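In what follows, a single structure is set out as structure tokens and then discussed.
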2 protein chains.
Amino acid sequence: MSGLGIEDAGPQLGRNLTYGMLDAIGRAIVVGDYDGAIFPTEAELAKQHGVSRSVTREAVKMLTAKGLLSARPRQGTIVQPTTSWNLFDTDVLRWLLERQFSIDLLRQFNELRVAIEPEAAALAARVATVDDIERVNAGLKRMERAERGEDDTLESDIAFHIAVLRASRNPFYAQFRDVVSTALRTSIRFTNRVKGRTANVADHAAVRDAIANGNPDKARKAMRALISDVLELIETAKPDGAAAGR
Amino acid sequence: MSGLGIEDAGPQLGRNLTYGMLDAIGRAIVVGDYDGAIFPTEAELAKQHGVSRSVTREAVKMLTAKGLLSARPRQGTIVQPTTSWNLFDTDVLRWLLERQFSIDLLRQFNELRVAIEPEAAALAARVATVDDIERVNAGLKRMERAERGEDDTLESDIAFHIAVLRASRNPFYAQFRDVVSTALRTSIRFTNRVKGRTANVADHAAVRDAIANGNPDKARKAMRALISDVLELIETAKPDGAAAGR
DNA sequence: CAAGCCGTTTAAATCAGATAAATGTGATTT
DNA sequence: AAATCACATTTATCTGATTTAAACGGCTTG
């Protein structure tokens, strides 16, 4: 019980005590601090963090809502298996990334993107409105400016990809904005390290054109090319790439 | 055994007052009961539902964690725009479906599936373990039994699709099990109504074979065919297919 | 008139302490 | 051996008070 550092971390992301505790416990769970151990009772948790039981209970309830905990009388509060965590929750995503850089996680992110984004582009080519296309175009223009050093490379790239998601006019696709921006923020650092090259504006323009011209197949292929590129980079960087036996 | 699925929806929802209130308010928000109106204060909510403020606060906190609400002193609690709802949360998904049958929602579900599942099948063909393949195969066998009236058609179909998601060995894909099973439960009713035919076992077997043989492209195409089929059915049933302006 | 300052006020946030309900565990009874 | 009961433990719930955050309006000041 001594190993748990209750570093209150000063003036961090917690708007208030409850959110601060949510963040602290959430991170601890994701990092694996409670893996073998039994999870503290709400009274113990409150004492450890120096807050009232109300704050503790509300933080625990939020973590329950995100799939990280479950609670029953007499049995106590227990950490749920990772399979029941809500991985598309912004907080969970953040905690997952904060624990450490993992090529595995980066690969899984992009394996998801390669499913979502090409199809989003294809959808967009069918149903995007002029406003949607304008937003995609705006993202592209920012990328062009970034190429000349007049804007931020990463942020403009993110803006482009999110604009495409929105242009699909399907709320489920739009939901991936956090995953995609997170993946891009992480990927960029990695790809820049492996291969010093910026995002290819021309390749992105192909996606924009296909969407604007209402060509779903071309949009899908163009977007897929963009992400496959990153994915291959990641997989070549990982020597233990299975292939064993299969 | 009556052949019906596990049907007792009752017990889980209202395990206690907090979860009951979570469900009631969540449904009310999704249905749109609070759309124009101002959201009640926690004191008012407590009184309206006949529970204490603690229960109310915990329910509100869970809804906040799911992206449906946000709260600040003096401003009060407010319903968040749908864009910030966590659509992949099981509860949100359920509330969304409970409000009414919507072809739009059904279409959006399947537009997502057509991105996720083919790619999951392709991944599975590359990385699935023998256990994974066995699970996929078990799902298929259940479908065969169902064809002979010895098992439940819907449940076996769901088992198959979820097995493929798991076989991708990517936790993000596995996360879609709720969306997929929900979509299937809804789709089946619809497709059966429109076109009296059961899921095609042979087409599903093609997916299984491609995965077992380690052929990603074939697996992707076979799975895509399955879902495109449903999607087309849905789109033909919807006369107002946009095209306006484009 | 505009901009900044400052109480007032309202709602959430937090605390404290008590009671209720659920549920494993183990002893007791049948 | 099985069913039952008593008990301990932990979450669930209730109550009422206090504190803090922030929107509002009025006031002062440049």
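Source: prediction; values computed, not measured. Order of the sequence lines sets the chain letters (A, B, ...), proteins ahead of strands, with each chain counted from 1.
In the displayed structure, R135(A) atom CZ is contacted under 6.0 Å by more than 12 heavy atoms of other residues, nucleotides or ligands.
In this structure, CD of E58(B) is placed 16 Å from P of dA12(C), rounded to the nearest angstrom. To the nearest angstrom, C1' of dA12(C) lies 13 Å from CZ of F39(B). With rounding to whole Å, R57(A) atom CZ is found 18 Å from dG17(C) atom P. Distance, Y19(B) OH to dA21(C) C1': 16 Å, rounded to whole Å. The CD-C1' distance, from E42(B) to dT10(C), rounds to 12 Å in whole Å. As rounded to whole Å, 13 Å separates atom P of dT9(D) from atom CD1 of I38(A).
Proximity of a side-chain donor or acceptor of R142(A) to a complementary backbone N or O of G139(A) within less than 3.5 Å is not detected. Panel note: side chain K66(B), backbone A65(A); a donor-acceptor pair is recorded below 3.5 Å. Remark: side-chain polar atoms of E111(B) are not paired, donor with acceptor, to backbone N or O of A120(A) under 3.5 angstrom.
Residue S54(B) is in base contact, counting any heavy-atom pair closer than 4.0 Å across all strands shown.
Taking a 4.0 Å limit (strictly below) on heavy-atom distances, residues 66-80 of chain B reaches DNA chain D at R72(B), P73(B), R74(B). For the contact set between residues 45-53 of chain B and DNA chain D, defined by any heavy atom under 4.0 Å, the members are V51(B), S52(B), R53(B).
Summarising the geometry of V136(A) relative to A167(A), their closest heavy-atom pair is CG2-CB, 4.4 Å, with the distance given to 0.1 Å. Nearest heavy atom pair, residue F39(B) against residue T77(B), reads CB-O, 3.1 Å. For the pair Q80(B) and W85(B), the tightest heavy-atom approach, listed with the atom from each and the gap, is O-NE1, 3.0 Å.
Scanning for ring-ring contact (aromatic ring centres under 6.0 Å, His included) contacts around F176(B) gives F88(A), F88(B), with sequence neighbours left out.
The phosphate of dT11(D) (OP1 or OP2) has no side-chain N or O of K61(A) nearer than 4.0 angstrom.
We find that E155(A) and R185(A) are joined by a salt bridge, their nearest charged nitrogen and carboxylate oxygen being less than 4.0 Å apart.
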